[in-house]
Structures are given as C-alpha cells and as structure tokens.
Amino acid sequence: MLISLIFKNQQSFIITKNGVLKVASFKRQFSNSSSSWFNQNNYKNSSSSSSSSSSSSSNSSSNSISPPIATTSASLNYDSILTKYQNYQIAVAYQPKNRNQSSNLFKKSNTTKSELSPSGEDNLFVSKEIDGSIAIGVADGVGGWSEAGYDSSAISRELCNSMKTNFENKLELNSPKNLLQLAFDNVTSSDKVEIGGTTACLGILTPDLNLRVANLGDSWCGLFRDYKLIKETNFQTHNFNTPYQLAKIPKSIIKKAELQGRRYIIDSPNQADEYLWKLQKNDIIMFATDGVTDNVIPKDIEIFLKDNENNDRLDIIAEQFVKEVVKVSKDSNFPSAFAQELSRLTGQKYLGGKEDDITIVLIKVV
C-alpha cells in the first residue's frame with residue numbers, strides 16, 4: 001500500500017514502495033475474467049491434508065483453539081484461531097510477506113517492528129460474544145511509513161485492539177461504522193501510534209443472522225452462498241493502488257508537506273461504506289486484506305470453497321487458503337487480479353503475483 005498520494009501542479013503521482021512513479025486514475029474492481037487458479041491448475045485440494053490433521057478441535061474453553069505459541073493474542077487481537085459460537089464458527093489465518101530478501105551486504109540492516117509482527121502490517125480482530133453478537137474485522141497498515149523509520153504495523157494493530165475492546169465493553173454493539181469511529185478516536189489520542197495509515201473492513205454478526213459491514217479502503221468482505229459470491233464490499237480508492245485510509249500524521253509533518261505542494265491522504269471513518277446482509281445457514285463470509293484480492297478473484301475463492309465442502313475444519317480451510325494465495329503471490333507467471341487490472345489500465349501485458357501480507361477472517365453460519 002502507498003504511503004501517500006501527492007498532488008503537485010494539478011497532477012497526481014503514485015509513489016510506490018520501490019520509488020517507481022506511475023500516473024493512473026481508476027477505481028479498481030474485481031476482474032470478470034475466468035478463474036486464474038483454474039486456468040493455471042495451481043489449485044490443490046486441501047481436503048487430504050485436512051483429514052490427516054486431528055479430526056476434532058482441541059478445545060481451550062471447550063469451543064476454541066488457541067493461537068500459536070510463537071504469537072500473542074495481544075498483538076493479533078483474537079483469542080483463538082477457531083472459535084465456535086451459537087450461530088457461527090470463526091477461523092483466522094494470516095501470513096506476512098518476506099521482508100528480509102535483500103542480498104546487498106553493504107546495506108544497513110535494521111529490523112523493523114513490522115518485521116517482528118506475526119501478521120506484518122496487517123491485523124485482525126475477533127471479539128467475544130456480547131449479547132449474542134460478535135464483532136470481527138481486518139486492517140492493513142500503510143507500509144511506506146516503515147521506510148521512513150516508523151512502525152507501520154502499529155496503527156492497524158491498535159485500531160483492531162480498540163475495536164475489539166470497545167465492542168466487548170459495550171460502547172458500540174450495533175453500528176460497525178460507529179465502532180470504527182470510536183476506535184480511530186482512541187488511536188489518534190494514543191501514544192502507542194506515532195504515525196501511520198490503515199484501511200479497515202469490519203462487521204458485526206447478530207444473533208438473528210444479520211451481518212452489518214463497514215469498509216474503508218481496499219480491504220474486502222464477501223458473502224458466499226452455495227459456494228457462489230452473492231454480496232461483496234466495493235473498493236474505495238483515490239487512484240490506482242491508492243486506497244482510502246485512516247491516518248494519524250503529526251501536524252508538523254503535514255505542514256512541511258504543504259509547504260512543498262504536497263498532501264497526505266487523510267480520510268475519515270464517516271467515509272466508510274455500510275452494508276446490511278441477511279445470512280442463512282451454511283453461508284460463508286470472508287474478511288480479507290488486499291494481499292488476497294490483489295492476487296485472486298472471486299471465482300478462485302468459489303472453486304476453493306467448493307472443493308472443501310466436505311472439510312468440517314474451518315481453521316484448516318482458512319490456513320490452506322492463505323497458503324495457496326501466498327503461493328500464487330510469488331509466481332511470476334500467475335495472472336493475478338492486480339496484473340490483470342494493470343494490463344487493462346496500460347494496454348500492456350502484465351503477469352505475476354503481488355507479494356504482500358495476507359490476512360483473513362473466515363466465518364461459517366451454523
């Protein structure tokens with residue numbers, strides 16, 4: 001994700017992490033092409049690997065599986081990788097991209113806090129059940145800030161933590177947009193976040209099988225019924241690869257940018273799109289950061305879910321899905337969603353996955 005969108009002399013320039021400048025302006029949508037996985041035969045059915053795992057969930061309060069020992073639920077804002085509620089099962093899975101790929105022996109090596117985060121600059125949260133409702137969501141921190149020496153994982157982590165905490169403290173149980181606003185207010189006043197930007201996609205599951213969603217930026221939520229996508233959030237972007245984002249930036253830095261004819265993207269929670277979806281038994285909902293949607297299209301996800309219809313381990317399904325996305329993100333010949341959109345935009349042929357942090361929250365209505 002970009003650190004900023006700079007306006008100068010009425011032109012908009014996109015500043016990518018490697019410093020390449022490209023001029024573009026369009027709203028990214030999912031490709032309508034046929035499934036990339038299917039065409040490339042890259043998909044592997046995970047049912048066999050799932051069946052070799054334990055056939056029943058290990059229970060930590062009888063209904064959950066604890067996070068890996070190498071991580072802490074405080075840094076990830078969830079209590080278990082699989083939790084079974086009265087009406088829902090919820091699993092989480094994630095993998096940060098490899099940020100230690102430099103072979104330059106003369107380059108100074110500084111390990112950033114983002115590199116130490118188990119989910120990279122992404123984060124997620126899953127709340128406890130409060131009055132029959134559950135709050136869930138994902139956030140994707142703006143990576144460019146780490147190159148300026150800041151912790152670019154802090155804002156997504158603390159935003160998710162605040163959304164979870166505020167929901168569990170019953171400060172907001174109905175509106176995900178209001179929950180986002182409360183959490184962002186906490187972040188802007190917290191000394192745990194010095195500077196940063198993040199997208200956010202969150203929802204509240206209700207006991208009467210409704211899902212309320214708020215989305216700001218290019219993270220995503222999709223509702224699948226009978227393994228077909230029937231509802232999804234829209235991407236909010238200013239320009240190509242430049243999503244709406246919540247930002248905390250010191251006034252001194254904003255003022256310095258203004259003197260140079262530049263400005264940072266600073267969007268507001270009230271700009272989030274809102275959705276209300278009625279759910280049915282066996283529906284599957286996925287919340288995902290753009291590490292998923294930049295690489296695969298809905299048809300890919302439909303095929304994956306259909307091929308796992310006999311797998312009753314939602315945590316294994318989520319884990320295998322993330323592994324498959326990671327695999328194609330590193331494939332230089334894979335026709336990723338990002339490459340397809342770039343090809344459409346430029347009129348040139350592009351191939352290859354887009355490496356990024358990959359995070360999902362997967363829900364099944366039971």
Side-chain angles (χ1 to χ4, degrees), residues 57 59-67 71-94 119 123-139 156-187 189-190 192 198 200-216 219 221 223 231 233 246 269-270 272-281 283-288 314-315 318 359-366:
S57 304
N59 293 328
S60 136
S61 81
S62 79
N63 286 317
S64 62
I65 297 177
S66 299
T71 67
T72 65
S73 51
S75 66
L76 294 168
N77 300 308
Y78 68 90
D79 296 323
S80 61
I81 59 174
L82 174 66
T83 306
K84 298 178 181 179
Y85 301 90
Q86 181 175 354
N87 296 310
Y88 307 99
Q89 288 187 19
I90 302 179
V92 304
Y94 51 87
S119 54
N123 215 278
L124 62 91
F125 77 97
V126 179
S127 78
K128 294 179 173 62
E129 188 168 12
I130 305 296
D131 296 341
S133 294
I134 308 132
I136 65 277
V138 297
S156 60
R157 179 180 64 248
E158 296 306 321
L159 186 74
C160 285
N161 179 263
S162 291
M163 289 190 286
K164 180 178 186 289
T165 301
N166 289 338
F167 183 83
E168 291 176 346
N169 289 336
K170 298 187 177 183
L171 298 181
E172 178 56 64
L173 296 179
N174 298 308
S175 167
K177 180 183 278 193
N178 290 345
L179 187 62
L180 179 62
Q181 180 69 68
L182 283 173
F184 186 58
D185 291 344
N186 295 151
V187 166
S189 62
S190 171
K192 293 181 181 179
T198 185
C201 187
L202 65 148
I204 296 176
L205 296 158
T206 67
D208 56 348
L209 302 189
N210 284 311
L211 171 62
R212 299 186 182 96
V213 178
N215 180 64
L216 187 134
S219 290
C221 179
L223 169 60
K231 301 284 186 181
T233 56
L246 304 176
N270 64 24
D273 290 334
E274 294 182 282
Y275 306 83
L276 174 60
W277 299 336
K278 183 65 180 176
L279 306 177
Q280 296 180 10
K281 184 177 180 179
D283 282 353
I284 295 176
I285 305 111
M286 179 182 290
F287 287 83
L314 194 66
D315 56 324
T359 300
I360 67 168
V361 178
L362 195 63
I363 302 124
K364 184 172 184 179
V365 184
V366 295

Drop me the distance from [X]'s [atom1] to [Y]'s [atom2], to the nearest 0.5 angstrom.
| X | Y | atom1 | atom2 | value |
| --- | --- | --- | --- | --- |
| Ile90 | Asp79 | CD1 | CG | 11.0 Å |
| Ile284 | Gln89 | CD1 | CD | 10.0 Å |
| Ser175 | Gln181 | OG | CD | 10.0 Å |
| Ile204 | Ile130 | CD1 | CD1 | 11.5 Å |
| Tyr78 | Thr83 | OH | OG1 | 9.5 Å |
| Asn166 | Asn178 | CG | CG | 11.5 Å |

For [X] against [Y], the heavy-atom pair lying closest together:
| X | Y | result |
| --- | --- | --- |
| Ser156 | Thr198 | CB-OG1, 3.7 Å |
| Thr359 | Leu124 | CG2-CD2, 3.4 Å |
| Ala200 | Leu180 | CB-CD1, 3.8 Å |
| Ile285 | Cys221 | CG2-SG, 3.6 Å |
| Asn210 | Lys278 | OD1-CD, 3.2 Å |
| Phe287 | Cys201 | CD2-O, 3.7 Å |

Do [X] and [Y] have side chains that approach each other closer than 4.5 Å (heavy atoms only, starting at C-beta)?
| X | Y | result |
| --- | --- | --- |
| Met286 | Ile360 | yes |
| Leu314 | Lys84 | no |
| Val126 | Val361 | yes |
| Pro207 | Glu129 | no |
| Asp273 | Thr233 | no |
| Leu173 | Ser133 | no |
| Leu205 | Asn87 | no |

(message) If you apply the rule side chain to side chain contact (heavy atoms under 4.5 Å, CB included), what do you find for Tyr88 with Leu209, and how did you get there?
(response) CA-CA 9 Å; Tyr88 307 99; Leu209 302 189; 3.6 Å; yes
Verify, without hydrogens or angle tests, whether [X] (side chain) and [Y] (backbone) share a donor-acceptor contact under 3.5 angstrom.
| X | Y | answer |
| --- | --- | --- |
| Glu158 | Cys160 | no |
| Thr165 | Asn161 | yes |
| Asn77 | Arg157 | yes |
| Lys177 | Pro269 | no |
| Tyr85 | Lys128 | no |

(request) Apply side chain to side chain contact (heavy atoms under 4.5 Å, CB included) to the pair Val138 and Tyr94, showing each step before the final yes or no. (result) CA-CA 11 Å; Val138 297; Tyr94 51 87; over 6 Å; no
(request) With sequence neighbours left out, write down each residue that passes side-chain contact (heavy atoms from CB on, under 4.5 Å) with Asp283, or none if nothing qualifies. (result)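 Residues passing side-chain contact (heavy atoms from CB on, under 4.5 Å) with Asp283: Leu223, Arg225, Leu279, Gln280, Val365.
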(request) Please identify each residue that fulfils side-chain contact (heavy atoms from CB on, under 4.5 Å) with Ser127, with sequence neighbours left out. (result)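 Checked Ser127 against side-chain contact (heavy atoms from CB on, under 4.5 Å); matches are Ile134, Ala135, Lys164, Phe167, Glu168.
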